[in-house]
Amino acid sequence: MSTAEIQYIETPRPDTGLTNGKIGIWLFLASEVMLFGALFSAYVLLRVGAETWPMGRDVLNIWLALVNTVVLITSSVTMVLAWAALMKNNYSEHKKFLALTFLCGLIFLGIKAVEYGQKFSHDLFPSTNNFLAIYFVLTGLHGLHVLGGMIVMLYFLLFGRKNWVERPKMYTNRIENTGLYWHFVDLVWIFLFPVLYLL
Amino acid sequence: MTPSEKSAHSKPLPFWKRYIFSTDHKVIGIQYGVTALIFLFIGFLLMMFMRWSIAFPGRPLPEWAAALLGPNSTSGIFGPEFYNQLGAMHGTIMIFLGVVPLAVGGFGNYVVPLQIGAPDMAFPKINMMSYWAFLTGGLLMLFSFFIEGGAAKSGWTAYPPLAVLDADSGQTIWLVGMVFLITSSLLGAINFIVTIIQLRAPGLTWMRLPFFVWSELVTAFILLLAFPPLEAAGVLQLMDRIADTNFFMPSGLVVSGEIREAAGGGSPLLWQHLFWFLGHPEVYVLILPALGIVAEIIANNSRKPLWGYRSMVYSSLFLGFMSFVVWSHHMYLTGMGSVMNAFFQTTTMIISIPSVIILSALILSLWGGSIRFTVPMLFAVAFLPMFGIGGLTGLPLGISTSDIHLHDTYYVIGHFHYVVAPGVIFGLFGGIYYWFPKATGRKMGTVLGHLHFWPTLICMNVIFMPMFIQGLAGVSRRLYDGGSAYAHAQPVLHWNAVISMAAWTMAIAQIPFILNFFGSIFFGKKVESNPWEATTLEWTAAPSPPPHGNFPEIPTVYCGPYEYSQPNSETDFHPQNQPVEA
Amino acid sequence: MDQETLSVEEVNRHVKLYLGVFAALLVLTAITVTVAFVDLGHGTNIGVALLIATAKASLVGLFFMHLKWERKSLHGLLLLTFFFFAGMIGLTVGGYWDTPNGTVHDRTPVEIQAIHHQSERSE
Amino acid sequence: MRHLFAICAVSALMAITVQAGTIKGKVSFEGTPPPEKSITEAMKSDPNCAALHANGPEVMTEHYVVGEDGGLKWVFVRITEGLEGQKFDPPKESVLLDQEGCLYKPHVFGIQTGQDLIIRNSDATLHNVHIIPGRDSKNPEMNKGMPFKMDLPPMQFEYPEVPLRFKCDVHRWMFAYCNIVDHPFFDTTDETGSFEIKDVPPGDYTLSFWHKKMQDHPVKVTVPAEGEVEVNFTFTEDMVPSRDR
């Protein structure tokens, strides 16, 4: 037979029990942990070294952030339900939940934009003080990750059907890996919310 | 270099898809390799100008050399600002655009899939993306020389507040370039780890992996976990430069006489912690692949299994693990207290143990072997003492008390250049001579090889040994005039001219290599698939050059990677994919 | 967690589990907000908030990211990453209080700034 | 042949239509100028500088340099109003700012936006050219080390600024005042206090006399079609800032 194609894309490798995609996404999430870890250590070092550090709730709008937290948690749930729908071979239910997740992402970014708008209108900028600077960098970078996840979901919403019909198992793995990434983004926000807004 | 196209694709791919936007790990490996060699040469060129300013400050360059500098020098003379640009970009280009892409991108991409019996990398498209992200970052870095204000000039370590206060935009382009390079390394690292874990041929258990594959696996883990903090620090410094934030700008900072009125409150130490959190693992990313290559060459050319293969594997794993907890030995003089100094001093001493184990195992592998001094073997054997000097001279720097005198002096320059130049780059040269027949089906000339090896070895030592003498005399690094303004440097100033002469002659010594490298592609002696009579899969199971998809059929592995001169076997090597009778 | 063996009613059982975790997450979020308004002293506030955040994070990790049924090798990878994460934050921030004794660096930057301000006002 | 003829005709025509006048004059200082301070004492901090002036005359500051006939040196004269909307492309020749004997030479000079400025170090010692723009000026701050006899690559300024201060971070007594304007009609007075601005198109203008200590003083002037117009200006003692009296 001609040269072999790359294996273990769909079926896991017997001795490691994992597919290529799953190890790949978990390695990527490990590097993301280090990325946000570095930003958190920047936050802690700046806060410890600062003479004055504003209380989160005095400067930021907690209630918008609370809504955002709920939105992101809901999107995590709809994401995992979208994956479960595929396990039940129900593509239409999957598409509905994936669209819902995408919508939640959109709402999240919308609320973020409103929040940033409020800050800029009260002329609170990153250069005002280090609390706002690290706030903008952390939430900005997190927002970009949300956007990245949404672009991938949009791709699947528009072109996923052909892949599902031809190679259902590969498509399920892809959705699971996208889900892992999305849950990680939600996980980062779960830490961001108290650290920036409540303490 | 025309890989035969009997592969699964119906019709052969158009030229640009097969060579430019290819997803074949071998083509990407060669793309990485050649680009990295060009960047190494550019970095070398920058250093030659630096050596002129160090040896003969204020003296005009000859016209043909000054012409290369264009507007940066007027009538052949350039000032300290341009020298700092040369210094910062020499470091950045040599490390991030030269050695890492050659060691990890070039050799890793080309050799690892072949050595583990895989048809290609686990994610071919991501592999291609990582090369193009690397090329974009590289071109951005080169482009920054031609903008108004010139390239970054706060050292390859880009310490704030100097890097943030630098009004010219070269530093901003440096940061953006770094983000591209880090993304490229990240994608590469994920690809390597998944490929090595998932696509090993049947029968290729973990302890039958060639040591080169182990070194690339550990390197990939270091890249994966150490690079993101520098990306975060790069984002913070980018915000400091563009959005006037104050992450690294302390309050009450006095800038040329006036207190800088800004929010302040930042800490320059934050950058140093995040930078060196990558910085030290980065130097292990440089050395590990070279150790892997040298191990392959020594085993093959001494016709003897590696001594202590298991101890080398566990040492490289331990090296990778420890490399994350030693970074602050670069920061002993930043006002850290005795608790931190003691901690990092201890971890630094501990981390020197695995490197010594690997080095001794390599030296002991020579014992009792019937050694063939082929050209790759010359480089590999020369690597051992040179890396030894590099490693041992690092110990006084690792101890906080002696580092007080030696920090940021030419002793440090001598130390890390001994590890990188006669160490890593000799290993990589050996790798090029060793795997060239596999990549092209032709062997590189041995006469030109010797003509390249001996002068380069001698020049390297004449360049870097006097640096220890200057460093111990207290000459500090990054001086555009080589220390001629300092009284304590006067007795050792004459070494500057000696070092510079040796550096320029070493440039001439690279010509035989360039002729040999490009010449042998067309005129080299034709060889069949296993000219070195090696045992690992890339030689025994794949033709040279291997087609797309590498192996006619996926090989099965029956024994360890270095079964040389086994008793009762007619040939003095036993290929991995040959069953072991009785 | 190999997907072939999951039959439809097993998946439905998982779905109920996910909805339960969803409820738990919402409750925890409510708690963390209300607790934030109660002043238990700066240290404890941080501790409680991080505790709740870790609880929520582990819920998401274990159930939504299927870590509960995942192979040990991935747990190893996460442990290794967490060790380096903790090492980076611990040593970077730990170094802040560790100043060489008997020198001007003996005091933390905040104290040095305070002295600086006093000396300004006294002139 | 025909082309040659055409070119001569056009250039001749050009010469006739362009009428230009010249503004000449003398700037003087009435009263006793505040005493200058000696720099040789400060120069001892750098042996290279002290050596350069070892046997020369004592080096004094050049704040109020008044000649015997009362002429005031280092006064920058330029047209401030009357040129609105006119574009002037920068002259080809470059302006040279030399650092010789640890002093900026010239001390005050004018340059047009886009014109080449060459900064030279004629001393064998380290000078650090440090350009400090005003608070809300758009010219960039710049800091170039010049450790030995060398020239910096020619540079240009984009935005007018009177004055753009140059100082040397190594020698604190070294200052230069670069006055950037976006037209060629300017001059700096010499020891006799005289200045001359040529090829000024006829019209009404405001001329302004700038001195680094005694600020800016505008004067109305009308330039005839051709020939010269004489404008003199006298700085008086009360214009001297209080701290210098």
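As the structure is a computational prediction, the values presented were derived from the model and not from experiment. Residue numbers start from 1 in every chain, and the chains themselves are labelled A, B, ... in the order their sequence lines are given, proteins ahead of strands.
Here the shortest heavy-atom pairing between A:Leu187 and C:Ala57 reads CD1-O, 3.5 Å. The two residues C:Val15 and A:Ala84 have their closest heavy-atom pair at CG2-CB, 3.9 Å. Summarising the geometry of A:Asp15 relative to C:Arg71, their closest heavy-atom pair is O-NH2, 3.4 Å, with the distance given to 0.1 Å. Of all heavy-atom pairs between A:Gly37 and C:Phe85, the closest is CA-CE1, 3.1 Å. The minimum heavy-atom distance linking A:Val70 with C:Leu26 is given by the pair CG1-CD2, 4.1 Å. Across all non-hydrogen atoms, the minimal contact from A:Ser41 to C:Ile89 is CB-CG1, 3.6 Å.
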**Prompt:** Given C:Ser73 and A:Leu18, is the side chain to side chain contact (heavy atoms under 4.5 Å, CB included) satisfied, shown in steps?
**Reply:** CA-CA 9 Å; C:Ser73 48; A:Leu18 297 163; 3.6 Å; yes

| message | Please determine whether side chain to side chain contact (heavy atoms under 4.5 Å, CB included) holds for the pair A:Val80 and C:Phe63, giving the CA-CA distance in whole Å, both sets of side-chain angles, and the decisive distance to 0.1 Å. | response | CA-CA 9 Å; A:Val80 82; C:Phe63 297 104; over 6 Å; no

_Working note: A:Lys22 + C:Glu70, criterion side chain to side chain contact (heavy atoms under 4.5 Å, CB included); need CA distance, chi angles, decisive distance, verdict._
CA-CA 10 Å; A:Lys22 179 160 280 188; C:Glu70 207 53 82; 3.2 Å; yes

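Of the two parts of C:Leu19, only the side chain, counted from C-beta on, holds a non-hydrogen atom closer than 4.5 Å to a non-hydrogen atom of chain A. Contact annotation for A:Leu180: both backbone and side-chain heavy atoms come within less than 4.5 Å of a heavy atom of chain C. With a threshold of 4.5 angstrom between heavy atoms, A:Tyr197 does not approach chain C through any atom at all. Using a 4.5 Å cut-off between heavy atoms, A:Leu27 contacts chain C through both its backbone and its side chain. Heavy atoms closer than 4.5 Å to chain C are found nowhere in A:Ala42, neither backbone nor side chain. Contact of A:Leu66 with chain C is made through the side chain alone, with heavy-atom distances under 4.5 Å. Residue contact with chain A, scored on non-hydrogen atoms closer than 4.5 Å, involves the side chain of C:Leu67 exclusively. With a threshold of 4.5 angstrom between heavy atoms, A:Trp63 approaches chain C through side-chain atoms but not through N, CA, C or O.
Taking chain C as the reference chain and counting heavy-atom pairs below 4.5 Å, the highest number among A:Val188, A:Asn89, A:Thr16 is found for A:Thr16. Between chain C and the residues A:Asn90, A:Thr74, A:Val195, the most heavy-atom pairs under 4.5 angstrom are made by A:Thr74. Of the listed residues A:Ala85, A:Ser31, A:Ala38, A:Pro194, the one with more heavy-atom pairs under 4.5 angstrom with chain C than any other is A:Ala38.
With contacts defined as side-chain heavy-atom distances shorter than 4.5 Å, the pair A:Lys88/C:Asn12 qualifies. Residues C:Met88 and A:Met34 have side chains in contact (heavy-atom distance under 4.5 Å, counting atoms from C-beta outward). Looking at heavy atoms from C-beta onward, A:Val48 lies in side-chain contact with C:Trp97 at the 4.5 angstrom threshold. With contacts defined as side-chain heavy-atom distances shorter than 4.5 Å, the pair A:Val33/C:Phe84 does not qualify. Considering only heavy atoms from C-beta on, A:Val77 comes within 4.5 Å of C:Phe64 through its side chain.
The structure places CE of C:Met65 at 9.0 Å from CG of A:Asp186, a figure rounded to the nearest 0.5 Å. Distance OG1/C:Thr92 to CG/A:Leu45: 7.0 Å, rounded to 0.5 Å. The structure places CG of A:Leu198 at 11.5 Å from CD1 of C:Ile46, a figure rounded to the nearest 0.5 Å. If you take CZ on A:Phe193 and OG1 on C:Thr29, they are separated by 7.5 Å, rounding to the nearest 0.5 Å. Note: A:Phe191 CZ to C:Lys56 NZ = 9.5 Å, rounded to the nearest 0.5 Å. Taken from CG in A:Leu199 to CG in C:Leu50, the straight-line distance is 6.5 Å, to the nearest 0.5 Å.
Taking the six-membered ring where the residue is Trp, the centroids of C:His66 and A:Trp83 are separated by under 6.0 Å.
Not a single donor-acceptor pair under 3.5 Å links the side chain of A:Arg57 to the backbone N or O of C:Phe37.
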